[in-house]
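Labels below follow one simple rule: chain letters A, B, ... track the order of the sequence lines, proteins then strands, and each chain is numbered from 1. Not measured: the values here are computed from a predicted model.
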Amino acid sequence: MGSLDFARGREVGRSLGRLEAAAKVDGTVEYIHNLRLPGMLHGRIHRSSIPHGRIVRIDTSAALAVAGVHAVVTADDVARLVPDPYYGPAFHDQPILATGKVRHVGEPVAVVLADNPHAAEEAADLVAVEYEPLEAVFDEVAAAAPDAPVLHDELRPAGMFTDLKHLAGRRDTNVALDARLRSGDVEQAFAEAEHVFEHTFRTGKVMHAAFEPMVTVAEPHAAGGLTIHTASQSPSFVRSEISRLLGWPENRVRVRTAFLGGGFGAKLYIKLEAMAAVCALLARRPVRIALSMDEQFYTITKHGATVRIKTGVARDGRMTARQVETFWNGGAYADIGPRVTQKSGFSAAGPYDIEHVALDNYAVYTNEPPAGALRGFGISQLVWAYERQADVIARTLGIDPLEFRRRNALRNGRPHATGTVVVGMEVDAVLDRLAEAMAWDKPFDRGTGTIRRGRGIGIGVKACVSPTTSTAAVHIYGDGSCAVHCSTVDMGQGSDTTMAQIAAEVLGIPTTDVRVVHPDTDVTPYDMATLGSRSTFHMGNAVRRAAEDARAQIERMAPGATSFRDAMLARFAMQAGTVVGFGSYAPSYQKPDPETGLSANITPFWMLGGAGAEVEVDTETGRITVTKLVNVADVGRAINPASVERQLTGAAIMQLGFTLFEEMVFSDGQVLNASLADYKIPGFLDVPRELTGTFVEAPHPEGPFGAKGVGETGIFSPSPAIANALYDATGVMLYDMPLTPERVLRAIREAGGRPLEQA
Amino acid sequence: MTKVTLNVNGETRTASVPPEMTLLRLLREEFGLTGAKLGCDVGDCGACTVIVDGKTVNSCLMLAPQADGRDVLTVEGLATMERLHPIQKAFEEKGSLQCGFCGPGVIMSAKALLDENPDPSVLEIRDALAGNLCRCTGYSKMIEAIQDVARGDNRQPVGESA
């Protein structure tokens, strides 16, 4: 410790406003959406109209005849630059443009480049493609069957994830990954259990609907490099993958982002970047490709899932065995689906201490648009199943739902189903807070007549993705001011402010004096990506270390200085110089055993989220009104409490939409409701009268100042909480999301012995 | 090409535009006013909301020539160099925005509401802003901010909350 005597400890734990708040309210904040470059062409994608087929010929003549059209790019043009045009984080399976065949409706087949967006749009419709249709498969269970039509001739793991390597060369299957976990002996335990419960739950496909539609501007350089300006959550990955495709060293590709108008997992890995890069290199001009809202429905979705869950319960209400078989509808390209399958799959025992567990997960290719990460990475599909079933078990056994969860809670020091001993997960505290927020021990008005009221809870857990790396630099300039360089992308979650708070805490300066430099791979060091609620923990640790390094250098350089400014003057004799502190963080990890899925160290931290809901159900219309929605998270420690609460209430409303009405409707692979008019997301009128986001704190030993991630935690449990409240109100058991009025009414009428006719 | 002359944020602006150009693209691409956002481009999301002759308009649904001779107010017209508009200030202080992409549209709808009804109930706020969607926030901090402005404008010193 040097003699810098300014205080530490004033910045972390404060509810500071976000650094860019003024620029967001006055409309001047930077998004890639706003970027225009001189000489820029506009790219518009011509997309496949069929779900599966061979491309016989592509006629671009009519498109090329449109005034203002510069070129029409197809797979043949791509091949001139990129002989092996397949990309993806898990599998190299997705072509930059459809090559030989198409595998889903909406797959990019050609890109029209024009002087203006109108000409590009008009010409894109005039590209004529002749197909030879192939049999298609849409259902994830059917697609996993041995006789299903096969989408990809051969599996091609990307090599980034070692546990996918064994799949290389596998043929004639749509199962992109089968991940299993075996702990104990479920068969024996089921035989000995007092009760065995078995259900199948389903969730449909939903969409991120980030408000800044995906956009990339690629800019070629005369010297042979490329700058990619992109609304991406993973600039470091974009750089490495574009370099790989082009056969260039990474230092010729510069990837930069700005603030994102939402991400939620949609803007990860490669989306438009490869296409825009190739178009720009071919045209030798900057190319902007911006999706419309409807195109986003064909680009990336959340996985639909079929979850078969079987649970054995002892006489005292303790769960003794669980078997879960999950089929994940991955769509036509794997994207990060196999990671969703494995990383979420092993969590299907929930936050419960269950001795015998057998889990099987299948990532399945189908002829629907690709599925990837959506806020929660597969967790909410599983929580939907195990927390709905928990209420059925509790009700059947006559145990209060909260008490049932307490009785089965997985506590610190006990092994999770993977074998990892749990550290820093507070199930009891979350349940206590939930009970308090829901006034669970107070009498509850269950309504009368046609309006029935009910309440329900749920609790879910996620293991943060591992292993991943974050690096950061903290620069101290000649005047003593400071900047954090990191590749974490602020997409609305407030990471700039969080990182500034962490740096400020270490440096002993106000957060508002810290500037956060936005991701630019020429400038900011590597980060795996902004996903999976990993940034506060991983990048937070890297920033903390970088700030400590910078501070230590200053203290060594100018012992006795009382400010950074004085220290820099003492060393450089004028306003000059830069001190660069560096920090990196990568948690320890043990790869799961390929046969059993067991690992002594599966994750750096557990994310735990509980939710409670009160609903009114109109038994004549089936409409559910959520009157109260509570999200409770275990966050380790809140770096910025207000920001945490907003993540939790925002997630609650997003998941409310997925629970009550959001669902992509398909017909032969076509999305029938690809617009925000037909695919309704929650609006002002859907917000419950009472909406609460709250958290419990128990500092995590490895987290920066004890913090864990929270971006996804609020997504886990609102769905089962709402459905359990419906169950409480009406006794009606629904297995499929969303809980549309039609589904609810049909179930109510069926339960009452007066089923509605099928439409 | 069609010549359009309109008043934007108190200034007379003229442009020669193709007839199919929307007011949104005119503002963003010809006038460099990028506060209004192109979210859905078909009138579903409200991110492009501006005020035309005192009424909120989805500027992606109005053709530029339809705005000829009219008064257009965008988010850029609210703040001065010195200070934010009270609605902007309230949104800043409440932390009402997250990614911020919907913000300019929401703020313009709030402005039009408060101009017409300086003391709206929560229900009136929800109703007036039903055409502005947001994917991040859950809306409650926006409602609180608008209530704050209404209280500040109408009941100084602040009395009991409505």
- Message: Tell me whether the rings of Phe101(B) and His33(A) are parallel (<30°), tilted (30 to 60°) or perpendicular (>60°).
- Response: perpendicular
- By a 4.5 Å heavy-atom criterion (distance strictly below it), what part of Leu676(A) contacts chain B: side chain, backbone, both, or neither? both
- Between Ala22(A), Gly263(A), Gly657(A), the one whose heavy-atom pairs under 4.5 Å with chain B are most numerous: Ala22(A)
- Item | Atom pair CG/NZ of Leu133(B) and Lys680(A) - distance to nearest 0.5 Å | 7.5 Å
- Message: More than 12 heavy atoms of other residues, nucleotides or ligands under 6.0 Å from CD of Glu30(A): yes or no?
- Response: yes
- Message: Between Lys94(B) and chain A, with a heavy-atom cut-off of 4.5 Å, which part of the residue counts as in contact: side chain, backbone, both or neither?
- Response: backbone
- Closest-packed option against chain B by number of heavy-atom pairs under 4.5 Å, given Glu20(A), His208(A), Met491(A): His208(A)
- Task: Please state whether the side chain, the backbone, both or neither of Lys37(B) comes within less than 4.5 Å of a heavy atom of chain A.
- Result: both
- Say you draw a straight line from CZ of Arg28(B) to CG of Asn34(A); how long is it, rounded to the nearest 0.5 Å? 4.5 Å
- Message: Using modelled atom types and a 3.5 Å cut-off, is there a donor and acceptor pairing between side-chain atoms of Tyr139(B) and backbone atoms of Asp686(A)?
- Response: no
- Message: Just so I understand: if I count every heavy-atom pair under 4.5 Å between each of Val75(B), Leu33(B), Thr34(B), Thr137(B) and chain A, which residue has the most?
- Response: Thr34(B)
- Interface moiety of Leu129(B) toward chain A, non-hydrogen atoms closer than 4.5 Å: both
- Task: Sort Arg18(A) into side chain, backbone, both or neither according to what part of it lies under 4.5 angstrom from a heavy atom of chain B.
- Result: side chain
- Measure Glu93(B) against the heavy atoms of chain A and call it side chain, backbone, both or neither at under 4.5 Å. neither
- Message: Heavy-atom cut-off 4.5 Å, strictly under: side chain, backbone, both or neither for Ser292(A) against chain B?
- Response: neither
- Message: Under 4.5 Å from any heavy atom of chain A, what part of Ser140(B) do you find: side chain, backbone, both or neither?
- Response: side chain
- Query: So which part of Ala642(A) gets closer than 4.5 Å to some heavy atom of chain B, the side chain, the backbone, both or neither?
  - Reply: neither
- Message: If we define contacts as heavy-atom pairs under 4.5 Å, which of Ala290(A), Gly262(A), Ala209(A) has the most with chain B?
- Response: Ala209(A)
- From Asp294(A) atom CG to Asp41(B) atom CG, the distance as rounded to the nearest 0.5 Å: 10.0 Å
- Heavy-atom closest pair, residues Pro104(B) and Gly27(A): CG-CA, 4.1 Å
- chain A contact via Cys134(B) - side chain, backbone, both or neither, heavy atoms under 4.5 Å: backbone
- Item | Top contributor to chain B contacts, counting heavy-atom pairs under 4.5 Å, from Met654(A), Gln493(A), Gln647(A) | Met654(A)
- Task: Would you give the length of the straight line joining atom OG of Ser96(B) to atom CZ of Arg646(A), rounded to the nearest 0.5 angstrom?
- Result: 7.5 Å
- Note on the structure: Okay, Pro117(A) and chain B: the region with an atom under 4.5 Å from a heavy atom over there is side chain
- Among Gly103(B), Gly95(B), Cys40(B), who wins on heavy-atom pairs under 4.5 Å with chain A? Gly95(B)
- Contact class of Phe211(A) relative to chain B, heavy atoms under 4.5 angstrom: both
- Does the Arg135(B) side chain pair with the main chain of Ile681(A), one donor and one acceptor, at a distance under 3.5 Å? no
- Could you have a look at Thr649(A), Leu685(A), Val29(A) and say which one has the most heavy-atom pairs with chain B under 4.5 angstrom? Leu685(A)
- Note on the structure: Note: vs chain A, highest number of non-hydrogen pairs under 4.5 angstrom among Leu97(B), Ile87(B), Thr74(B) is Leu97(B)
- Go through Ala21(A), Ser675(A), Gly683(A) and name the one with the most non-hydrogen pairs under 4.5 angstrom from chain B. Gly683(A)
- Give, as side chain, backbone, both or neither, the part of Leu38(B) having an atom under 4.5 angstrom from any heavy atom of chain A. both
- Side chain from CB out, backbone as N, CA, C, O: work out which of these in Leu78(B) comes under 4.5 Å of a heavy atom of chain A, or both, or neither. neither
- Task: Kindly compute the distance separating CZ (Arg83(B)) from CG (Asp26(A)), expressed to the nearest 0.5 Å.
- Result: 14.5 Å
- Item | Rounded distance [0.5 Å steps], CZ in Phe684(A) versus CD1 in Ile125(B) | 8.5 Å
